Trainee: 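Before I ask anything, here is the structure I am working with.
Note that these values count all heavy atoms, side chains included, but never hydrogens, waters or copies made by symmetry. Since we're looking at a predicted model, the values are computed, not measured.
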Amino acid sequence: MADVTLEIGDRRHVVSSPDGQEDQLRRLAAMLDEHWPMAVRASGGLSGERTMMFVALMLADSLEEANRRPAEIKDEVLLTTIAERLESLADSLEQ
């Protein structure tokens, strides 16, 4: 186990990390830090805890959107495949 210092917003957090996972933790912390300024504005700067809640809500919203997207893409691919088959069938019937 290694200790990793993560900087999120205006705070430093020391967390333990399984060996080899340090860079992943830093990348995740960078994602949180990226959302920090907007979360501070949304929380009114009242507390770090409230700000982190807004960061979590923003990331949860992004995750929900990403989870919906694959189904939409699959539906689009399916519709395209069906349309292509129907066009092929129509061409065959015309001949």
Side-chain angles (χ1 to χ4, degrees):
M1 286 287 215
D3 285 340
V4 179
T5 301
L6 307 175
E7 293 185 40
I8 303 169
D10 55 353
R11 298 173 188 229
R12 297 179 128 210
H13 306 273
V14 178
V15 296
S16 294
S17 167
D19 291 333
Q21 294 298 310
E22 298 89 352
D23 288 340
Q24 175 67 3
L25 277 176
R26 287 184 189 101
R27 282 191 296 276
L28 295 173
M31 288 174 60
L32 298 175
D33 189 58
E34 180 181 325
H35 289 83
W36 193 262
M38 186 185 304
V40 167
R41 289 190 298 276
S43 71
L46 295 176
S47 71
E49 182 179 277
R50 185 171 171 87
T51 300
M52 190 60 81
M53 180 197 65
F54 276 96
V55 169
L57 289 171
M58 285 184 255
L59 292 174
D61 184 55
S62 296
L63 179 59
E64 180 186 38
E65 184 179 322
N67 285 337
R68 280 193 316 260
R69 195 172 307 128
E72 293 168 2
I73 291 170
K74 288 178 188 174
D75 289 346
E76 186 177 318
V77 169
L78 178 61
L79 289 174
T80 300
T81 302
I82 291 171
E84 288 170 353
R85 288 183 182 169
L86 288 172
E87 287 176 14
S88 176
L89 180 61
D91 290 342
S92 296
L93 290 173
E94 287 176 1
Q95 295 175 2

Trainee: Find out whether Leu63 and Leu59 are in side-chain contact, i.e. whether some heavy atom of one side chain is under 4.5 Å from a heavy atom of the other.
Mentor: no
Trainee: Determine yes or no for a side-chain-to-main-chain donor-acceptor pair under 3.5 angstrom, with Glu22 supplying the side chain and Gly20 the backbone.
Mentor: yes
Trainee: How many angstroms lie between atom CD of Glu7 and atom CZ of Arg11, to the nearest 0.5 angstrom?
Mentor: 13.5 Å
Trainee: Are any side-chain N or O atoms of Ser43 and backbone N or O atoms of Ala39, one a donor and one an acceptor, separated by less than 3.5 Å?
Mentor: yes
Trainee: With clusters defined by side-chain heavy atoms of hydrophobic residues (ILVMFWY) lying less than 4.5 Å apart, directly or transitively, does Leu32 cluster with Val4?
Mentor: no
Trainee: Closest heavy-atom contact between Ile8 and His13?
Mentor: CD1-CD2, 4.2 Å
Trainee: So Met38 and Arg41, do their side chains get closer than 4.5 Å, heavy atoms only?
Mentor: yes
Trainee: Kindly indicate whether the side chain of Leu6, heavy atoms from C-beta on, has any atom under 4.5 Å from the side chain of Val15.
Mentor: yes
Trainee: Going from CD on Gln21 to CG on Leu28, what distance comes out if it is rounded to the nearest 0.5 angstrom?
Mentor: 9.5 Å
Trainee: Any link between Met53 and Met58 through a network of hydrophobic side chains (Ile, Leu, Val, Met, Phe, Trp, Tyr) touching at under 4.5 Å?
Mentor: yes
Trainee: Mark yes or no for whether Asp33, through its side chain, and Gly9, through its backbone, hold a donor-acceptor pair below 3.5 Å.
Mentor: yes
Trainee: Is there side-chain contact between Trp36 and Asp10, with at least one heavy-atom pair below 4.5 Å?
Mentor: yes
